Amino acid sequence: MTETLKKLIEILQDGKFHSGEQIGKSLNITRSAIWKLMKQLSTRGLEIESVTNKGYRMSEPLILLEKEKILSLLSQKSIAQLDELDVLESIPSTNDYLLDPSKVKSKKTIACLAECQTRGKGRRGRTWVSPFAKNIYLSLLWHFKEDPSALAGLSLAIAISIIEALEMYGITQTLGVKWPNDLYCNDHKLAGILIELSGEVYDTCSAVIGLGLNVYMPKTYQDGISQPFTHLQALSTEKIDRNKIASLLLHGLIQTILVFEREGFEPFRKRWSKYDLTLGKPVSVITAGHTFEGIGRGIDQNGLFLLEDKTGTIKSFSSAEVSIRFNQT
Ligand code: BTN
């Protein structure tokens, strides 16, 4: 994005009208140059209203992500863990960006945020719809000293950390998790997590932990998304500050991983039941070849999902290629 376009967004981001003359003076550009910039904004999916005698305004006010702001809001103990923070405009996927072999081999701890993803990835091969400057797309590359078997339960711990970060931000509505790591508010999906492991796996492993959080996701995107969704802005009367949210999320992720590395899943197990949306509810567990029906009975010490079937037998499931659906009560 050019500096001029960035400045134009900064002028318009308050959601108020700004006349063409005023914009032209501030940016030192002509009316036709303004018009071209407005077109560039609409190709990024940002709606600009243009009204005679009033000027231009952005239909949805927004705050662009800024690396310096995020770092200034991030705790020192989390900054100390990070080698690099990349805040990018548009990339295919923040997870893929960090899975690049050169980044993995560097053994650096890197966090990446993007304003937009052109090939955002969800779990089970799904697409994660990622429009420009609306939401949070955040990934963290972390190098674990143990092999992947030690990471069972990590994705559940991460889900808890995200809810707690949102609570810390001031979200007071009840948030919950559908195992293993889908965040919901009132039956609508708010966020999802995709953890991908990288490279040769011997006695250590590198993981990319990707988080997609809806912040201002317009309803118009519903057609491309397979389930009902909500966004943070619907849960708050104040304008959501994506930079503050990003720093709290990053802090939550880093501190959770540190606890997980030291103590494993155990400290998160009790906290899970507070947010578990499937506990005591009729659900279906869908695997590649079969659907199992029963009642959700929480998780075991490793974070495996427990389902009680009609006969009272408890079956456990790991998260690889399994999904859970709520059934009617
Ligand atoms: C899900 O299916 O619920 C998981 C969604 C994960 C989306 C995030 S957005 C940031 C990171 N980059 C990706 O391509 N996917 C994850």
Side-chain angles (χ1 to χ4, degrees), residues 45 65 70 85-100 103-104 109-142 151 154-163 165-166 175-185 187-198 206-217 221-222 224-232 242 245-250 252-254 256-257 275 277-278 286 303 305 319-326:
L65 294 173
I70 296 167
L85 169 66
D86 296 339
V87 179
L88 306 168
E89 191 201 337
S90 174
I91 46 172
S93 149
T94 52
N95 268 28
D96 286 350
Y97 175 79
L98 294 180
L99 283 165
D100 184 286
K103 293 205 170 46
V104 174
T109 302
I110 309 176
C112 168
L113 284 142
E115 287 290 13
C116 157
Q117 298 185 117
T118 51
R119 280 204 306 274
K121 302 186 293 184
R123 284 181 70 231
R124 295 163 62 79
R126 285 190 287 249
T127 298
W128 190 256
V129 178
S130 310
F132 180 79
K134 305 278 186 210
N135 304 314
I136 295 281
Y137 319 115
L138 166 65
S139 299
L140 177 65
L141 171 62
W142 196 274
L151 301 191
L154 175 67
S155 69
L156 285 72
I158 297 288
I160 296 171
S161 81
I162 290 159
I163 294 198
L166 296 177
L175 304 176
V177 195
K178 183 168 73 101
W179 184 91
N181 52 27
D182 285 347
L183 264 63
Y184 278 76
C185 182
D187 299 330
H188 288 67
K189 184 153 167 175
L190 179 65
I193 297 157
L194 176 66
I195 298 183
E196 295 181 274
L197 301 180
S198 150
S206 299
V208 171
I209 296 143
L211 161 70
L213 167 71
N214 297 333
V215 181
Y216 304 108
M217 188 70 151
Y221 286 93
Q222 184 67 75
I225 301 177
S226 60
Q227 54 183 319
F229 64 82
T230 187
H231 57 161
L232 273 193
R242 289 189 306 138
I245 291 272
S247 75
L248 285 171
L249 291 170
L250 197 47
L253 288 183
I254 292 172
T256 294
I257 294 173
Y275 300 115
L277 293 172
T278 54
I286 301 152
F305 184 77
S319 65
E321 297 308 303
V322 164
S323 73
I324 300 219
R325 295 273 149 78
F326 291 106

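Both ligands and their constituent atoms are indexed starting at 1 by order of listing. Nothing here was measured: the structure is a model prediction, and the numbers come from that model. These values consider heavy atoms only, across backbone and side chains, with no hydrogens, waters or symmetry-generated copies.
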- Item | Approximate separation, where rounding is to 0.5 Å, of Cys112 SG and Asp86 CG | 6.0 Å
- Task: Would you check if the side chain of Tyr184 reaches a backbone N or O of Thr230 as a donor-acceptor pair within less than 3.5 Å?
- Result: no
- Message: Looking at Arg119, I'd like to know if its CZ atom is crowded, meaning that more than 12 non-hydrogen atoms belonging to other residues, nucleotides or ligands lie closer than 6.0 Å.
- Response: no
Give every pair formed by an N or O atom of ligand 1 and a protein N or O atom closer than 3.5 Å, one pair per line with both atom names and the distance to 0.1 Å, or write none.
residue: ligand 1; atom: 2 (O); partner: Arg123; partner atom: N; Å: 2.7
residue: ligand 1; atom: 3 (O); partner: Lys189; partner atom: NZ; Å: 2.6
residue: ligand 1; atom: 12 (N); partner: Thr94; partner atom: OG1; Å: 3.0
residue: ligand 1; atom: 12 (N); partner: Gln117; partner atom: OE1; Å: 2.9
residue: ligand 1; atom: 14 (O); partner: Ser93; partner atom: OG; Å: 2.8
residue: ligand 1; atom: 14 (O); partner: Gln117; partner atom: OE1; Å: 3.4
residue: ligand 1; atom: 14 (O); partner: Lys121; partner atom: N; Å: 2.7
residue: ligand 1; atom: 15 (N); partner: Lys121; partner atom: O; Å: 2.7

- Enclosure of Asp100 CG (heavy-atom neighbours >12, cutoff 6.0 Å): yes
- Verdict with supporting geometry, Ile91 and Tyr137, side-chain contact (heavy atoms from CB on, under 4.5 Å): CA-CA 11 Å; Ile91 46 172; Tyr137 319 115; over 6 Å; no
- Message: Please report the interatomic distance CG(Leu248) to CD1(Ile162), rounded to the nearest 0.5 Å.
- Response: 12.0 Å
